[in-house]
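The structure displayed is predicted, hence computed values, not measured ones.
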Amino acid sequence: MKFFIDTANLEEIKRAKSLGMLDGVTTNPSLVSKESLSNQKEIERHYISICECLKNNENVSVEVISSNYNEMIQEGEKLSLLHSKIVVKIPMTINGIKAIQYFCKKQIRTNCTLIFSTGQALVAAKAGVSYVSPFVGRLDDISNDGLNLIREIKSIYDNYNFKTKILAASIRHPLHIIECAKIGVHAITSPINVIYSLLNHPLTNIGLDKFIRDFKSKIK
Ligand code: E4P
């Protein structure tokens, strides 16, 4: 399973990279707004720096701001020209689906974001999107079962051999990642703290303390 990091922060990306756990990056307009970037030129340079931080086979999802079809096309084409690692992130709207078909014909990779239902995931796959991003945590937040959506999308895509990859998004805790791995998604995108949480177990810490204490009590 691929581990993508859900951030626009270069330091976090470098930390994930140093852990050897980085297969890609996803950004969104809210994440970009947290960085100290004040104009479009700075934002574009920032996207390029993120891409340059990654290995060749990794990719970076960058979201369009426009909602109008022609503007989405213009913006997406511009983003895709910034760097070959950029995957254009398009919201699940009617214009978004049309834009995905356009980019698919031009062989520009896309990620359909804000997926909350199997119907949306089915339509996005039929439009030829490269990745779908179902938002697990935001469904859980409203008492729906986010992981069940992932299960259903996986089974539908398997039924028809859709090439679209499932990139489980809005990951909030380690169990989301474990369950996604059991379901067999292509990738998850997660904040770095959730990836670090996967490493933790209290028995590991207790066990390690005891090993070192036992050793030091006998061996000088
Ligand atoms: C990534 O593609 C999504 O934009 C992101 O995972 C959303 O996460 P959130 O629901 O925690 O904001």
Side-chain angles (χ1 to χ4, degrees), residues 2 4-10 13 24-54 56-136 138-139 149 153 156-157 160 162-170 186-187 189:
K2 304 271 184 202
F4 286 37
I5 183 161
D6 204 16
T7 185
N9 184 278
L10 273 173
I13 293 166
V25 175
T26 54
T27 65
N28 66 34
S30 303
L31 292 171
V32 172
S33 75
K34 291 184 190 162
E35 303 305 305
S36 313
L37 304 163
S38 47
N39 59 53
Q40 197 51 35
K41 238 351 332 113
E42 279 182 23
I43 293 173
E44 287 171 8
R45 272 200 295 268
H46 190 75
Y47 288 145
I48 294 170
S49 304
I50 294 177
C51 291
E52 286 174 347
C53 212
L54 303 180
N56 276 341
N57 55 348
E58 293 160 358
N59 66 57
V60 182
S61 285
V62 173
E63 191 160 338
V64 297
I65 305 296
S66 323
S67 51
N68 165 289
Y69 174 76
N70 289 326
E71 288 169 10
M72 260 184 197
I73 298 298
Q74 217 180 359
E75 195 185 341
E77 281 187 327
K78 196 170 168 205
L79 287 173
S80 74
L81 290 173
L82 286 181
H83 202 285
S84 58
K85 287 184 188 140
I86 287 183
V87 172
V88 181
K89 211 173 177 192
I90 308 275
M92 167 38 80
T93 60
I94 291 177
N95 284 338
I97 285 300
K98 290 179 185 165
I100 285 166
Q101 291 172 60
Y102 172 89
F103 288 125
C104 184
K105 281 189 198 117
K106 292 215 132 195
Q107 298 191 317
I108 293 174
R109 289 172 303 166
T110 47
N111 172 352
C112 189
T113 190
L114 293 161
I115 295 283
F116 292 98
S117 76
T118 45
Q120 292 177 323
L122 178 58
V123 171
K126 276 189 75 67
V129 78
S130 322
Y131 295 91
V132 273
S133 291
F135 278 35
V136 179
R138 290 196 196 185
L139 279 171
L149 172 64
I153 296 173
I156 290 171
Y157 282 10
Y160 297 100
F162 280 121
K163 289 200 184 78
T164 300
K165 293 174 171 136
I166 302 173
L167 170 47
S170 190
H186 172 79
T189 185

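When the options Val64, Asn28, Val60 are evaluated for a side chain to side chain contact (heavy atoms under 4.5 Å, CB included) with Lys89, the one that passes is Asn28. Of the candidates Asn111, Thr110, Thr26, Asp6, Asn111 is the only one forming a side-chain hydrogen bond (donor to acceptor under 3.5 Å, both in side chains) with Ser61. For the side chain to side chain contact (heavy atoms under 4.5 Å, CB included) test with Arg109, the passing option among Val129, Val87, Val88, Ile86 is Val87; the others fail.
Side-chain N or O atoms of His186 include none that pairs as donor or acceptor with a backbone N or O of Tyr131 at under 3.5 Å. Here the side chain of Asn95 pairs no donor or acceptor atom with the backbone of Asn68 at under 3.5 angstrom. A donor-acceptor contact shorter than 3.5 Å is absent between the side chain of Glu71 and the backbone of Ser66. Checking side-chain atoms of Lys85 against main-chain N and O of Leu54 turns up a donor-acceptor pair under 3.5 Å.
Side-chain contact between Leu10 and His46 is present, with at least one heavy-atom pair separated by less than 4.5 Å. Contact annotation: the side chain of Met72 approaches that of Pro91 to within less than 4.5 Å [non-hydrogen atoms, C-beta and beyond]. Looking only at side-chain heavy atoms (C-beta outward), His83 and Ile50 stay at 4.5 Å or farther from each other. Contact check for Tyr160 versus Lys126: no side-chain heavy atoms found under the 4.5 Å cut-off.
Around the CD atom of Gln101, the shell of radius 6.0 Å holds more than 12 heavy atoms that belong to other residues, nucleotides or ligands. Heavy-atom neighbours of Ile94 CD1 from other residues, nucleotides or ligands within 6.0 Å: at or below the threshold of 12.
Heavy atoms only, all atoms of each residue included: Thr7 and Thr27 are closest at O-CG2, 3.4 Å. The shortest heavy-atom contact between Pro134 and Ile166 is CG-CG2, 4.1 Å.
Scored by the side chain to side chain donor-acceptor pair (under 3.5 Å) test, Lys78 finds Glu44 as partners (sequence neighbours excluded).
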